[in-house]
J.: 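One structure, pasted below without further comment.
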Amino acid sequence: MHSFQSMLNYFPEEVLEHVFDFLTSHRDRNAVSLVCKSWYAVERFSREKVFVGNCYAISPERLIARFPRFRSLTLKGKPHFADFNLVPNDWGGYVQPWIESIVRGGVNLEELRLKRMLVSDESLELLATFFPNFKSLVLVSCEGFTTDGLAAIASNCRFLRELDLQENEVEDRRGQWLSCFPDSCTSLVSLNFTCLKGEVNLASLERLVARCRNLRSLRVNNAVPLDALQRILAQAPQLVDLGTGSFVHDPDTESYNKLETSMQKCTSITSLSGFLDVSARCLPAVYPICGQLTSLNLSYAPGIYSDELVKLICYCNRLERLLVLDTIGDKGLGVVASSCKELQELRVFLSDVYGIGNTAVTEEGLVAISAGCPKLNSILYFCQQMTNEALIMVAKNCPNFIRFRLCTLNPTVPDAITMQPLDEGFGAIVKSCKDLKRLSISGLLTDQVFLYIGRYAKQLEMLSIAFAGDSDKGMLCVLNGCKKLKKLEIRDCPFGNVALLADMGKYETMRSLWMSSCEVTFGACKTLARKMPRLNVEIINENDQIEASFDDKQKVEKMYLYRTLVGPRKDAPGFVWTL
Amino acid sequence: MAKYSSLGLETELTLALPGGGGGGDPSGSMETKQKKRVFFEFSGEESKVVSKNQVVGWPPVCSYRRKNSFSGEERTKMYVKVSMDGAPFLRKIDLSAHEGYSGLIMALEKLFGCYGIGEGDNNEYVPIYEDKDGDWMLVGDVPWQMFSGSCKRLRIMKRLDAKGIKLHAKDLLKGISIEA
């Protein structure tokens, strides 16, 4: 009688490998590699795509040792709150050491995706020089490089398919980087340079588009005028995703009429964005393609007001994803609710970050959307006010939320009608939405909301909290109850040492914890660091105080801790102290 | 003189700026202007940062979006002609490049070298503008956003030409046209 183990031994590795080829999710592959030693071995040689959620959790050498044949790497650097200026620019997250190691390790890198990392021109030059098969570069919220680095990529990556730059800070060197794509380059499938501020050579761009017959996604920047866009569209009617440049023109001209004609021929466009500079009178040019759109991003267009937005959106009956500014207003959201029955994701951003004007949406808009769009599963909503009643209704209408992020302009605003905390509203959301993975809460909130979160949000992976709670009990509820929690970020809450130290082992099951302007003391952080060697506990102190002057009882301004297999990092700047 | 400031300051009459002139003021020379002419006083919107929004990192908008955001009006450039009595030629100024009256006055002063036009009743010149209705108005009466949305051209007028007309902000009635 054969044991199960010997049966497995008869299973040739090639078969296992073939089966594993069907596993694309890194979570599935991670699970598979835990089954037994031979599965671990087969899996590690066959893994092509590696995802590293925190670039300091592992070293590139160890990664290459385990997955010698990987071709695609995703890396994330700074913590999420760095987006809101809570983390100094030079905190870390350098990609250079990774690229150097990958070069030395003889890896055949084809794809690199980076988020919130510091990228230098030198890094990009290394990529361009040492990886002849390099195909795809995606940079999101990165900085540190210039258009010179892009020129290196354009010049040398002969098989480049994708260059996707999203929301990066890029210094413009006026070197005509786009003209560096050689005439022999015909492989581009996706090109996105919306975030670049400088000019590009329009003739080069048009020629590039003309020769890249497989181009599916093109997002240009503000320096590309409307008439150039028209010429581009005429060459590339096969586009699926379009990001316009400047959309300002006199509609009574031939250029504009030509644009309308070219736009009509683009029957494959399902995703539309851009409009950084837009005149409302030009919008009718896109009406012909509205009916085919599944994704629309107008969130960079403050110049379009509710009436015009609505005129456009009411044609978009197939829309699944919508990003707008709060200039749309509650009424506008009502129109969205009645026009866009397929809507799954909605993001309503602030048009007026400094809080001067009156354009904002309220709970009414949110309720209208939830009532009209049954498929809604992801929302980011910046609003002036909220009520428990509204949230309860939203929870009832949309039990399928995976992501629910609400942000009130005043971080501690109570229920606009009852003046009560918003605990019950958010409680209803977590109770109803059993698959909720990401939650951001705001408004007046007591420990009660955390009781609800801990009790009901069983699938929650990421939680963002600001100006909420009354005591350690709140944080404890979350740490105890949310078994799948991966990222917890907290600012300005009265959570302290008791909560921090109650279950230290929990942090090894999570990617990271951020706490700023809370009640945690220096002494508690030291204790945690001492007891948990596989955590890096970083104190970020921008006031340049000498370490010796830190009293154990002193409150820590910013603490960021994360699990790691490689100990304290060696590139921490002076104001970051790893305990 | 009544204070129209919306920031809820005390009712004691002072010539100080709303919000103490501290937060968000780009010009830096506001302290010296505190004792002078008060038409800055009424435009509470000038100070970009209202006290409760001075929390770092709130609202949580990423810096990329903050840079693309604005304060409620269209971001297109608004060039208007500026004439100054006695000057041989006109200039042009972009209203959208300024966040408030102080920035505008400073820019005008630099253009023409006529310092002090924003101040007191002693100055030789006074800034006026032509609005959408074709009326000539004193600069500074209405909130900045309203002004920049309706201003068609500017003129730096010799105060002597307006003799007989009281130029206190709250006294000037809409619709009185001053001969250009």
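Just so it is clear, the values below take in all heavy atoms, side chains as well, and ignore hydrogens, waters and symmetry mates. Naming: A, B, ... by sequence-line order, numbering from 1 per chain. Only a predicted model underlies this, so the values are computations on that prediction, with no experimental measurement involved.
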J.: With chain B, which of A:N85, A:D83, A:L86 has the greatest number of heavy-atom pairs at distances under 4.5 Å?
T.: A:D83
J.: A:E519: what forms a side chain to side chain donor-acceptor pair (under 3.5 Å) with it, not counting sequence neighbours?
T.: A:K555
J.: Does any heavy atom of chain B fall under 4.5 Å from the side chain of A:S299, the backbone, both, or neither of them?
T.: both
J.: For A:S464 and A:E489, which I'm curious about, is there any donor-acceptor pair between the side chains at under 3.5 Å?
T.: yes
J.: Verify, without hydrogens or angle tests, whether B:D131 (side chain) and B:S150 (backbone) share a donor-acceptor contact under 3.5 angstrom.
T.: no
J.: Side chain, backbone, both or neither: which part of A:F349 has a non-hydrogen atom closer than 4.5 Å to chain B?
T.: side chain
J.: Test your reading of the model: is there a side-chain donor-acceptor pair from A:N192 to the backbone of A:T194, 3.5 Å cut-off?
T.: yes
